[in-house]
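Only a predicted model underlies this, so the values are computations on that prediction, with no experimental measurement involved.
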Amino acid sequence: MGILGLLKKNRKNCGYVKVYSPMNGKVISLEAVPDDAFSKKMLGDGCAIDPSQGSVFAPVEGEVDIFDTNHAITFEMENGLEMIVHLGIDTVELDGSGFDRIGEPGSLVSIGEELVRYDLDYIRKNAKSAISPVIITSMDDIESIEVLATGEVRAGDLLMKVKMKKNGSIPNLV
């Protein structure tokens with residue numbers, strides 16, 4: 001991504017990284033996502049959330065990038081963990097309609113910072129689905145992922161615990 005990519009060389013210890021819910025809604029398995037790229041874990045592993053409100057918050061601390069169409073947000077942590085929060089399914093086709101960017105691409109964010117607001121009713125009516133995958137994409141650096149949350153979650157609730165392979169750094173560790 002950028003700034004944090006230079007820091008990857010300095011990984012020291014393995015440990016667990018906490019990933020918090022980026023939105024309010026119901027946690028569902030990736031297998032239940034109505035898109036093969038996500039349900040078959042082609043992009044990585046994690047879970048998804050069927051949102052109940054149209055705001056997305058940073059689930060980790062790190063460098064953020066927001067797609068031009070505001071339908072997806074990527075994160076890179078200092079320890080090399082990379083993830084994406086994809087807002088709905090086939091929402092790229094909306095070309096930004098229904099989405100309002102709050103965060104600044106390339107900035108360092110803290111857990112809980114609001115990054116994107118969107119019109120949930122508009123997304124439900126105009127996209128294939130509002131279900132939002134929360135995917136760890138740097139799977140080569142991951143030993144295991146444990147989805148801890150079930151049922152309804154609120155933004156900021158503990159969602160997943162990710163065990164980095166040896167040489168991972170320590171921010172946000174359990």
| said: Are the side chains of Val60 and Met83 in contact, using a 4.5 Å heavy-atom criterion? | reply: yes
| Heavy atoms, side chains only, cut-off 4.5 Å: are Glu61 and Met77 in contact? | no
| said: If hydrophobic clusters are built by linking Ile, Leu, Val, Met, Phe, Trp and Tyr wherever their side-chain heavy atoms come under 4.5 Å apart, do Val19 and Val33 end up in the same one? | reply: no
| task | For side chain to side chain contact (heavy atoms under 4.5 Å, CB included), just list the numbers for Phe67 and Leu87, CA-CA rounded to whole Å, side-chain angles, deciding distance to a tenth of an Å, and then say yes or no. | result | CA-CA 11 Å; Phe67 285 47; Leu87 311 176; over 6 Å; no
| said: Given 3.5 Å as the limit, does a donor-acceptor pair link the side chain of Ser138 with the main chain of Ile136, or not? | reply: no
| note | Interatomic distance, OG@Ser21 vs CD1@Ile111, rounded to 0.5 Å, equals 12.0 Å
Below 3.5 Å, can you tabulate the donor-acceptor pairs from side chains in residues 150-160 to any protein atom, sequence neighbours excluded?
{"unit_1": "Asp157", "atom_1": "OD2", "unit_2": "Arg154", "atom_2": "N", "d": "2.8"}

| task | Find the distance between CG (Asn24) and CD (Gln53) and round it off to the nearest 0.5 Å. | result | 4.5 Å
| Would you say the side chain of Glu76 lies within less than 4.5 Å of the side chain of Leu81, judging by non-hydrogen atoms? | no
| request: State plainly whether one hydrophobic cluster holds both Ile73 and Leu30, where clusters connect Ile, Leu, Val, Met, Phe, Trp and Tyr through side-chain heavy atoms under 4.5 angstrom apart. | output: no
| said: So, taking the atom named OG in Ser129 and the one named CD1 in Ile123, what distance separates them when rounded to the nearest 0.5 Å? | reply: 10.5 Å
| request: Say whether Met23 and Phe75 are linked into one hydrophobic cluster, either directly or through other cluster members, by side-chain heavy-atom distances under 4.5 angstrom. | output: yes
| query | Do Leu120 and Ser52 have side chains that get closer than 4.5 Å, going by heavy atoms? | reply | no
| query | OG1 of Thr137 to CD1 of Ile142: how many Å apart, nearest 0.5 Å? | reply | 8.5 Å
| query | Do Phe99 and Val64 share a hydrophobic cluster (ILVMFWY, side-chain heavy atoms under 4.5 Å, transitive)? | reply | yes
| message | With side-chain contact (heavy atoms from CB on, under 4.5 Å) as the test, pick out the partner of Tyr118 among Thr91, Val56, Asn70. | response | Val56
Show every donor-acceptor pair shorter than 3.5 Å between a side-chain atom in residues 36-49 and any protein atom, with sequence neighbours excluded, or say none if there are none.
{"unit_1": "Ser39", "atom_1": "OG", "unit_2": "Asp35", "atom_2": "O", "d": "3.1"}
{"unit_1": "Lys41", "atom_1": "NZ", "unit_2": "Glu31", "atom_2": "OE2", "d": "3.2"}
{"unit_1": "Lys41", "atom_1": "NZ", "unit_2": "Asp45", "atom_2": "OD1", "d": "3.3"}

| task | For residues Ile135 and His86, determine if any side-chain heavy atom of one lies less than 4.5 Å from a side-chain heavy atom of the other. | result | no
| query | Is it the case that one hydrophobic cluster holds both Leu108 and Ile84, taking links as side-chain heavy atoms less than 4.5 Å apart, direct or via other members? | reply | no
| query | Taking only residues two or more places apart in sequence or in another chain, which ones pass salt bridge (charged side-chain N to carboxylate O under 4.0 Å, His left out) with Glu93? | reply | none
